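Numbers restart at 1 for each chain; the letters A, B, ... are given by sequence-line order, proteins then strands. As the structure is a prediction and not an experimental result, all values here were calculated from the model.
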There are 2 protein chains.
Amino acid sequence: MADERQTRTEKLAGEIADAIINGSLEPGTRLDEHMLAARYGTSRTPVREALRKLATTGLIELRPRRGAIVAEVTSQQLETLFVAMGELEATCARLSALSMTPIERRRLGALYDSMADMVARDDVEAYAAANSNFHTLFYAGSHNPVLAEMTATLRRRLAPFRHAQFRAPGRLALSHAEHGAVMRAVLTGDASAAHAAMLHHVSLVEDAFEQLATPPAARWQAN
Amino acid sequence: MADERQTRTEKLAGEIADAIINGSLEPGTRLDEHMLAARYGTSRTPVREALRKLATTGLIELRPRRGAIVAEVTSQQLETLFVAMGELEATCARLSALSMTPIERRRLGALYDSMADMVARDDVEAYAAANSNFHTLFYAGSHNPVLAEMTATLRRRLAPFRHAQFRAPGRLALSHAEHGAVMRAVLTGDASAAHAAMLHHVSLVEDAFEQLATPPAARWQAN
DNA sequence: GATTCAAAAATTGCATGCACAATATTGTCC
DNA sequence: GGACAATATTGTGCATGCAATTTTTGAATC
């Protein structure tokens, strides 16, 4: 209940996106309009509109006259997505170095410090949540809503493939060290260093994924 | 007639987008579903779906229960869009420096050379078309379809505001000189120089726009 | 003349139904 | 037994209709 201000279409888009991101709808799954309408207790109309919205984010694939499926991502496409994500994150860091306000800089430093404790306690859960906030600070810090939204969209699209991100041993400490490099560059206003440090950081996330996680899609079409 | 393979929704989205880009639908115009359905000879259903698709690209603004309007862009939002565009173009140039194939590099050089003639003849029409191709080469040259599509989408979204881009005296020669800087950096594989040169180039485009063109939206909400 | 409020009109959100395209199934021939 | 064609079935694309919300209109009041 609560806020009944959003339309059924929007609510549906959110729920289906969540189902995809948390893995309960696996890549390749056919998204039958009747089935979804029945499952969520609406008619096909809002379902169709929600599917079209999700298609633009890349979470699902819409084939004219042939229905929708949860996007199957080949390892090559995943590589492409990670590279694009890295470039956008790096750009956000670059702009953050140039335009973060003193308050934003202080907040960034405070979050970074608090994450040191989580590393010390080896608290993966808390660190993962804080990590998400840490990156979000740069989206906002770019002071460019257009760029911020693009980056956030890409992040959501990659979410299904990052579940095991911090499981690798020592990954927490490494991540925190890289965060430190990014943060220092941003705080000193060194734009190109911030860009480079963030790019490096996100590349390593990609590597960690490839070494460790078996993404849902890879089961179907690896190589 | 011809290719009746695409759905009415897709065709509609294209036609409405064109109408916005070429200026026949001005920012702020209300997009009444009944009106559009009548104008294009369909029912409201495909119109609604087309509008939702356009909304995701930012060309129109969709206010729940309150209809759609052609996006009104404040000068501040326009600034944001141009910055984001510049960063993405610069990123494409950066990646192009790293990953263009010899064939792509040769094609880039050939196009650049051919544009010198257009500058000499002061052929604004031809130069504008070639300029579009020039930038598109970097989208493809990034070898990252995700990034390329994002950049192209932003370019389309800014298209309504760039009509008078090359009208300013001397702008053609200046543009060509900047293209030269970008091209040389890419051809020599200097990624950060390519990034910087493209950023510089696109910033100047933005300046040219601000000095010269009065965008449709600025009539309504400048300051 | 401006402001407030209520009723009317307009417009969106959603449901439902039908036609056609795509897919699955069955049957026939080699 | 396998390939192919005809048929049945499923599912999407689109049209239409109704209910609810928003916007407009008009009068009454300050």
- CZ of Arg63(A) versus P of dA22(C): gap in Å, rounded? 12 Å
- Centroid separation His201(A) to His135(A) less than 6.0 Å: yes
- Query: Going by number, which of residues 48-59 of chain A have a non-hydrogen atom under 4.0 Å from DNA chain C?
  - Reply: none
- Message: Could you tell me how far apart Ile69(A) (CD1) and dT12(D) (C1') are, to the nearest whole angstrom?
- Response: 15 Å
- DNA chain C contacts among residues 31-46 of chain A, heavy-atom distance under 4.0 Å: Thr42(A), Ser43(A), Arg44(A), Thr45(A), Pro46(A)
- Are Arg155(B) and Glu89(B) close enough for a salt bridge, meaning some N to O gap below 4.0 Å? yes
- Just to confirm, is there a sub-4.0 Å distance from OP1 or OP2 of dA21(C) to any side-chain nitrogen or oxygen of Arg66(A)? no
- Query: What is the distance, rounded to the nearest whole Å, between atom CZ of Arg65(A) and atom C1' of dC20(C)?
  - Reply: 9 Å
- Item | Minimum-distance nucleotide to Arg8(B) side chain [options: dA15(D), dT22(D), dT11(C)] | dA15(D)
- Query: How close or far is atom P of dG13(D) from atom NZ of Lys11(B), stated in whole angstroms?
  - Reply: 15 Å
- Message: Taking the basic N atoms (NZ, or NE/NH1/NH2) and the acidic carboxylate oxygens, is any pair closer than 4.0 Å for Arg94(A) and Glu87(B)?
- Response: yes
- Could you pull out all residues at least two apart from Ala197(A) that satisfy side chain to side chain contact (heavy atoms under 4.5 Å, CB included)? Ala181(A), Val182(A)
- Message: Please determine whether a side-chain nitrogen of the Lys or Arg among Arg8(B) and Glu49(B) lies less than 4.0 Å from a carboxylate oxygen of the Asp or Glu.
- Response: no
- Message: What is the separation between atom CG on Leu12(A) and atom P on dA15(C), rounded to the nearest whole Å?
- Response: 9 Å
- Task: Not counting sequence neighbours, list each pair that qualifies as a salt bridge (charged side-chain N to carboxylate O under 4.0 Å, His left out) and has a residue in residues 29-42 of chain B.
- Result: Glu33(B)-Arg44(B), Glu33(B)-Arg48(B)
- Item | Residues in side chain to side chain contact (heavy atoms under 4.5 Å, CB included) contact with Glu149(A), at least two apart in sequence or another chain | Thr153(A)
- Message: Can you measure Leu62(B) atom CG to dT12(C) atom C1' for me and round it to whole angstrom units?
- Response: 10 Å
- Regarding Glu10(B) and Thr7(B), is there a side-chain donor-to-acceptor distance under 3.5 Å anywhere? yes
- Task: Under the side chain to side chain donor-acceptor pair (under 3.5 Å) rule, collect the residues that match up with Thr91(A), sequence neighbours excluded.
- Result: none
